[in-house]
Number of protein chains: 2
Amino acid sequence: MTPATIKVACSNCNLRELCMPVGMDADDLQRLDVLVANRRKVLRGDRLFHAGDTFTSLYAIRTGFFKTSVASEDGREQVTGFQMAGEILGLDGIVHDRHDCDAIALEDAEVCVMPFVQVESLSREFPVLQRHVHKIMSREIVRENGVMLLLGNMRAEERLAAFLLNLTQRLSVRGFSRSQLVLRMTREEIGSYLGLKLETVSRTFSRFSEAGIIEVKQRQVKILQPDMLNQIFNGAASCG
Amino acid sequence: MTPATIKVACSNCNLRELCMPVGMDADDLQRLDVLVANRRKVLRGDRLFHAGDTFTSLYAIRTGFFKTSVASEDGREQVTGFQMAGEILGLDGIVHDRHDCDAIALEDAEVCVMPFVQVESLSREFPVLQRHVHKIMSREIVRENGVMLLLGNMRAEERLAAFLLNLTQRLSVRGFSRSQLVLRMTREEIGSYLGLKLETVSRTFSRFSEAGIIEVKQRQVKILQPDMLNQIFNGAASCG
DNA sequence: CGTTCTATTGACGGAGCTCAAGGTCTGTGG
DNA sequence: CCACAGACCTTGAGCTCCGTCAATAGAACG
C-alpha cells in the first residue's frame, strides 16, 4: 500500500525556512527530526488522501503542487485551495479524525508524513513549535476568510486578478519570478476555486491579455502590468 | 477601557459540555479555571474586537450572538460567520498577532476572556485540552470549506436552506427548538454571509413561505417542512 | 496519427443585482 | 396615547454579468 519510504530529517531540509521548523534553533531542529516518520511520493493525478479517510498525519509538501477539494451530496466539486512546497496538508482531518476533503497532486510530488500524535507530543515539549502549529492553522482560517470575501463579493475580473497575485506572491517567496508563472491546474480547476465556470476563466484571461495586462499561452502566464492587476483586485478599475 | 470584569470558573459553567472544557475530568477542570482571566460584557452593536487590533486572547461566548466580518480595500463587507454560546472567537488573530476580522455582538453578550498564552501553557500541560484546541481550529477550517462550497456552487435557495438548517442544528444542540427560531441578524447580514443581496434573501424567504416550507414573520421563522429544506440544500429540488 | 483532454470563442438566456417605492416595526418624545 | 423618525423588510421592473450550449482548435499522450 505505502509507496517506498525514505528516512529524512528537517534539520537539513532546504525548506526549513518556509515549513514546519520555522523559528527553531539548530539544537531544537535535531529533536524535530522525529517529527517526520517518512516521505511519500504522490504521482500527478493521484490522491494523497480522500474525504472520509482516517486521519493520522499532517503532510508537509517537499516538492510538487496540490489541490484540495470538497464535494456536495449531489457531486458538485469545490476546489478549496492550491498548495505548494512548504505548505501543510491535512488540517481538515483533526476535528473528526477523518479527512474532510480530497488532496490531489497536480504534478508529481513528495510529502513529509508527520503523524499527528508526534506533532502534538513535540508541541508540548517545544513552545516554539506549538506556536507555529497554531499559526499554520490560524493562517488557513484567515486565508479562507479572504476566499469567502472573494466568492461573496467580487466579480470575475477581480477574482482572477486576486488569484494571479496570490500565486505570484507565494511563488516569489519560493524564489520564482514574480512576472512569470506556469499554471499547474486547468481552467476548470481555477474556475472551481474562484466560483466561476471554465469559460468565464478563459474569457477573463483573454480580456486581460487584450488589455495588455498579461500574456497567456495555455498555462504559461506572463504578468506585464502587475499594478493593473492590483487595481482590478482592489475594485478600482476594470479592463473592459 | 475594559468594562467591569468578574472572576469566573469553567468548572461550574453550564456550557462546559459545549465549550473549552469538553472531555476534561473534574480534577483537570479545577486546573482549567485559570484559563479564563475574566469576563467581558459586549452590548448589542458593539465590537468585541476589530481587524488590526493586537491579538492577546481567545473569547468563549457565554451568552449572546456575534457576527464576524472582513472588509475589502474598497469597503465591501463579507460576513464570515455567526457565532453563539459555547463557540470560540479570535482564532484569526493568532497568525499575525493581530485580528484579521471584526467581531460584533448582534445582541447583548458576555464572553470569557482567555489569554492565549494561558491557552498554550495549559495545552502543554493537558493533552486533552491541547487536542481540543486543535479540534476547534480544525472545525473552523472545515466549516469554512463548507461555506466555500456554498458560495462557489450553490444557488440562492440552496444557500438559504443550508443557512437555516445550520442554524437550527446548532440551536437544537443548545436545547432550543428545531422548528422555530429568531434570527438575530438582518437580511443584509444574512445576504452578506451567503453572497447574496438583501433583496434576494427576502425574495427567497417569501418563496419558501409561499411553498409552505417555512413561515416567516420578520425575524421569527417557523420551519414547517425541514425535509424540504434538506432536499433543496442537497440540490434535489426547488420550490419554484 | 488518432484519441482524449484542454482551451478558446460565439450566441443566447436566466438568476440574481440594481433601482425604486411602499410597508412594517420599534423606540422616543410630546 | 399618539406622532414621528429611523431602521428594516417586501415587492416590482428592468438590466447585466455570468452560465449554458455548441462548435472549433490546439496540446498531450499512447
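Quick note on labels: first sequence line is chain A, next is B, and so on, each numbered from 1.
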Atom pair distance, as rounded to whole Å: [atom1] in [X] and [atom2] in [N]:
X: A/R184; N: C/dC5; atom1: CZ; atom2: C1'; result: 18 Å
X: A/F208; N: C/dT8; atom1: CZ; atom2: P; result: 13 Å
X: A/L106; N: C/dC5; atom1: CG; atom2: P; result: 17 Å
X: A/R155; N: C/dG16; atom1: CZ; atom2: P; result: 18 Å
X: B/L196; N: C/dA15; atom1: CG; atom2: C1'; result: 11 Å
X: A/K197; N: C/dA15; atom1: NZ; atom2: P; result: 14 Å
X: A/E215; N: C/dT8; atom1: CD; atom2: P; result: 14 Å
X: A/Q220; N: D/dG26; atom1: CD; atom2: C1'; result: 15 Å

Please find the pair of heavy atoms, one from B/E158 and one from B/I232, that lie closest to each other, and give the distance.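 Of all heavy-atom pairs spanning B/E158 and B/I232, the closest is CG-O, 3.3 Å.
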
Give me the atom names and distance for the closest heavy-atom approach of A/A51 to A/D102.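 Heavy atoms of A/A51 and A/D102 come nearest at N-OD1, 2.8 Å.
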
Salt-bridged, [X] to [Y], with N to O below 4.0 Å?
X: A/E87; Y: A/R139; answer: no
X: B/E210; Y: B/R207; answer: no
X: B/E77; Y: B/K67; answer: yes

Heavy-atom protein contacts under 4.0 Å, nucleotides 5-14 of chain D, coded B base, S sugar-phosphate only, - none: ---SSBBBB-

Have a look at A/G195 and say if it touches a base, only the backbone sugar-phosphate, or nothing, with a 4.0 Å heavy-atom cut-off.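 It contacts sugar-phosphate atoms only.
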
Derivation and outcome, side-chain contact (heavy atoms from CB on, under 4.5 Å), residues A/Y193 and A/R159: CA-CA 10 Å; A/Y193 182 58; A/R159 296 185 197 198; over 6 Å; no

